[in-house]
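Accompanying notes for the structure given below.
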Amino acid sequence: RIEPGGEIFPLIGHFYSMASQHFGPYRRDAKSRNVDDLSVAGKLMAYIALGTAREPIKQVLRELFHHHFEEDSPAVRRYRDKIIGCGSTGEPSHGYVHAYLEDVRRRTDPMGVSDEDVLASVHEFIEEMLVERLAAKAQAWKGDGPWNLCFAGGCALNIKWNSAMRAHPAFREVWVPPFPDDSGSAIGTGAILLGGDRQLVPIDWNVYAGPQLVHNTHVPAGWVVSPCRPEELARLLHRTGKPVVVLHGRAELGPRALGARSILAPAVDPAMKDE
């Protein structure tokens, strides 16, 4: 059965991508009415390594978060009436989130802090709030624990948040499905159908359950095919500076490249993405 446990906090997960429109290399004047570039969230996870989370910035984030989303005020009541959590398109809460981030910008600009530090602080603030409130929710709802946790939804693609949850003593085990976002709906539908016929049974699942390699002796002109150990691959990337296609065993399923079907390239050339 499904037991609704209530919200953790009233903020759409696309907040991570929306923050990039206010701070950092993806900052822009025309803010989106819906989140139009979800790929930037993963880039932001890497980019925050350039910054340092700072307590004065996090304090600003806390104060303004309470003011915009949680205090007992007409503006917050309007927000809670409008938010529906439908995802990227048609979500009326986006304007409220942008207003919050604009206030954060106004408060942090006079502090003389870098965008990198603000983004690193944004990440740490949301991560701490998520983990602390999730642990408190689980303990209030289910008891002292520790508990097993399955974390699903688009936010479950945030590997930094997942690691923080795994490290918390309130959780014995944390499992993130290979398809935690919307692409997992088809697998869930299939699992429900199986459960209806055979009751609940464990699914024999492996993330490397995609198509097997097809043996083909034809090598296109200009290509070279070679078995390669990781050390040899590293030397090849360093020596040539060119991208390399890696094919290994069965294809992975899900929204992550896990080494079975991957394009690897040196990260030292700014033009590499275009190539």
Kindly indicate, with the supporting measurements, whether the criterion side chain to side chain contact (heavy atoms under 4.5 Å, CB included) is fulfilled by Ser262 and His248. CA-CA 9 Å; Ser262 295; His248 181 73; over 6 Å; no
Walk me through whether Phe69 and Tyr79 qualify under ring-ring contact (aromatic ring centres under 6.0 Å, His included). CA-CA 7 Å; Phe69 303 119; Tyr79 170 74; 5.0 Å; yes
Does Tyr26 form a side-chain hydrogen bond (donor to acceptor under 3.5 Å, both in side chains) with Gln21? I'd like the steps, not just the answer. CA-CA 6 Å; Tyr26 298 98; Gln21 299 180 30; over 6 Å; no
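By the neighbour-count criterion of 12 heavy atoms within 6.0 Å, atom NE2 of His98 is densely surrounded, having more than that number from other residues, nucleotides or ligands. Residue-environment remark: CG (Asp144) stays at or below the threshold of 12 foreign heavy atoms within 6.0 Å. In this structure, Ile159 places its CD1 atom where only 12 or fewer heavy-atom neighbours from other residues, nucleotides or ligands lie under 6.0 Å away.
Of the residues listed (Arg27, Arg105, His22), the one engaging Asp115 in a side chain to side chain donor-acceptor pair (under 3.5 Å) is Arg105, and it is the only one.
For Glu116 (side chain) and Thr52 (main-chain N/O), no donor-acceptor pair under 3.5 Å exists by modelled atom type. Tyr208 places a side-chain N or O within 3.5 Å of a backbone atom of Leu258 that can act as its donor or acceptor partner.
Within the 4.5 Å cutoff, no side-chain heavy atoms of Leu44 are placed close to those of Ser17. Using a 4.5 Å heavy-atom threshold, the side chains of Val174 and Asn162 count as separate. Contact annotation: the side chain of Ile12 approaches that of His94 to within less than 4.5 Å [non-hydrogen atoms, C-beta and beyond].
Partners of Asn148 under the side chain to side chain contact (heavy atoms under 4.5 Å, CB included) rule, at least two apart in sequence or in another chain, are Arg172, Glu173.
Taking the charged nitrogens against the carboxylate oxygens, Lys242 and Glu275 do have a contact shorter than 4.0 Å, which makes a salt bridge. We find that Arg133 and Glu70 are joined by a salt bridge, their nearest charged nitrogen and carboxylate oxygen being less than 4.0 Å apart. Ion pairing between a basic and an acidic side chain is recognised when a charged N comes within 4.0 Å of a carboxylate O; Arg107 and Glu63 show such pairing. The pair Glu55-Arg62 counts as a salt bridge, with a side-chain nitrogen and a carboxylate oxygen less than 4.0 angstrom apart.
Atom CG in Leu149 sits 5.5 Å away from atom CG in Leu134 (nearest 0.5 Å).
Under the 30°/60° scheme for interplanar angles, the aromatic rings of Tyr100 and His68 are found to stand perpendicular.
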Between side-chain atoms of residues 118-129 and protein atoms elsewhere (two or more places apart, or another chain), which donor-acceptor pairs fall under 3.5 Å?
from   : atom 1 : to     : atom 2 : distance (Å)
Ser121 : OG     : Arg54  : N      : 3.0
Ser121 : OG     : Asp117 : O      : 2.8
His123 : ND1    : Tyr16  : OH     : 3.0
His123 : NE2    : Glu127 : OE1    : 3.0
Glu124 : OE2    : Lys58  : NZ     : 2.7
Glu128 : OE1    : Lys58  : NZ     : 3.3
Glu128 : OE2    : Lys58  : NZ     : 3.0

